[in-house]
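Below, each value reflects all heavy atoms present in this structure, side chains not excepted, and no hydrogens, waters or symmetry copies. Heads up: numbering here begins at 1 and tracks the sequence.
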Amino acid sequence: MKNIVKKENAVSKQFLGVDFVVLSIGKDSMVTKMLYKSTDFVPFHKHPNEQSGYVISGKYKLKFSGEEFLLSEGDTYSIPANMEHSIEIIEAGQVVDVFTPIRQDYL
């Protein structure tokens, strides 16, 4: 567990070509900050983690459950576990994601 993580100690990672940093990790959840570039695209995928996010900046097209959602600064979302979803980056920016349970592939 990493209950407190100072920004200078955040761990940089990459998944499907997207840069992100792993922030705090609790017993059952983890917080990440996605650093989306305009050239990034996350194709349809799923994972056994519920994913909830907050858009800090940028513009995105999130697809899941047969629908498309345009997201921008201040918007939030929750994607159920095992739900196929994708995200298209319309404008570069940052998103905070919370995963429950912890994404082992992000450690």
> Got Val5 and Val11 here, is their nearest side-chain heavy-atom distance under 4.5 Å?
Replying inline: no
>> Using 0.5 Å steps for rounding, measure from the CG atom of Asp40 to the CD atom of Gln14.
In response: 8.0 Å
> What is the ring orientation for His85 with His45, classed by angle as parallel under 30°, tilted 30 to 60°, or perpendicular over 60°?
Replying inline: tilted
> Hey, does Lys59 have a side-chain heavy atom less than 4.5 Å from the side chain of Ser72?
Replying inline: yes
>> Let me confirm one number: the CG-NZ distance from Leu107 to Lys2, rounded to the nearest 0.5 Å.
In response: 8.5 Å
> How about Phe64 and Phe69: are their ring centres within less than 6.0 Å of each other?
Replying inline: yes
> Would you say Leu71 and Ile87 are hydrophobically clustered, going by side-chain heavy atoms of ILVMFWY under 4.5 Å?
Replying inline: yes
>> Determine whether Arg103 and Met30 satisfy the following criterion, side chain to side chain contact (heavy atoms under 4.5 Å, CB included), listing intermediate values before the conclusion.
In response: CA-CA 7 Å; Arg103 279 195 68 159; Met30 83 181 329; 3.8 Å; yes
> Can you check whether Val96 reaches Val31 side chain to side chain, under 4.5 Å on heavy atoms?
Replying inline: yes
>> Between Asp19 and Lys37, is there a side-chain heavy-atom distance shorter than 4.5 Å?
In response: yes
> Can you hop from Val18 to Tyr106 via hydrophobic side chains spaced under 4.5 Å?
Replying inline: yes
>> Show the nearest heavy-atom pair for residues Thr100 and Ser29, with the distance to one decimal.
In response: OG1-CB, 3.7 Å
>> For the aromatic rings, using the six-membered ring if either is Trp, is the centroid distance between Phe20 and Phe15 under 6.0 Å?
In response: no
>> Go through it in stages, so that I can follow the logic: the residues are Glu50 and Ile79, the test is side chain to side chain contact (heavy atoms under 4.5 Å, CB included), and I'd like the CA-CA distance, side-chain angles, deciding distance and then a yes or no.
In response: CA-CA 6 Å; Glu50 180 177 80; Ile79 304 167; over 6 Å; no
> Do Met83 and Tyr60 share a hydrophobic cluster (ILVMFWY, side-chain heavy atoms under 4.5 Å, transitive)?
Replying inline: yes
> Nearest heavy-atom pair of Ala92 and Ser38: which atoms, and what distance?
Replying inline: CB-N, 3.7 Å
> Do the side chains of Tyr36 and Ile90 join up, straight or via other hydrophobic residues, at under 4.5 Å, putting them in one cluster?
Replying inline: no
> Same cluster or not: are Phe99 and Ile102 linked, directly or through other Ile, Leu, Val, Met, Phe, Trp or Tyr residues, by side-chain heavy atoms under 4.5 angstrom apart?
Replying inline: yes
>> Rounded to the nearest 0.5 Å, what separates atom CD in Glu73 from atom OG in Ser57?
In response: 7.0 Å
> If you draw a 6.0 Å radius around CD1 in Ile4, do more than 12 non-hydrogen atoms from other residues or ligands fall strictly inside?
Replying inline: no
> Under a 4.5 Å cut-off applied to non-hydrogen side-chain atoms, are Met1 and Lys27 in contact?
Replying inline: yes
>> To the nearest 0.5 Å, what is the distance between CZ on Phe41 and CG on Leu16?
In response: 10.0 Å
> Does the side chain to side chain contact (heavy atoms under 4.5 Å, CB included) test come out yes or no for Tyr54 and Val98, once each step is laid out?
Replying inline: CA-CA 9 Å; Tyr54 172 77; Val98 177; over 6 Å; no
>> Within the structure provided, determine whether Asn82 and Pro48 are in side-chain contact (heavy-atom separation under 4.5 Å).
In response: yes
> Between CD1 of Ile56 and CG of Asp75, what distance do you get to the nearest 0.5 Å?
Replying inline: 13.0 Å
> Say you draw a straight line from CG of Leu70 to CD of Glu88; how long is it, rounded to the nearest 0.5 Å?
Replying inline: 9.0 Å
>> Run the salt bridge (charged side-chain N to carboxylate O under 4.0 Å, His left out) test on Glu68 and Lys63 for me, step by step, so that the C-alpha distance in whole Å, both residues' side-chain angles and the decisive distance to 0.1 Å come before the verdict.
In response: CA-CA 5 Å; Glu68 281 186 7; Lys63 296 180 184 180; 3.6 Å; yes
> Would Lys13 and Val21 count as a side chain to side chain contact (heavy atoms under 4.5 Å, CB included) if you check the C-alpha gap in whole Å, the side-chain angles of each, and the deciding distance to 0.1 Å?
Replying inline: CA-CA 6 Å; Lys13 297 274 189 165; Val21 290; over 6 Å; no
> Would you say the side chains of Tyr77 and Asp97 form a donor-acceptor pair under 3.5 Å?
Replying inline: yes
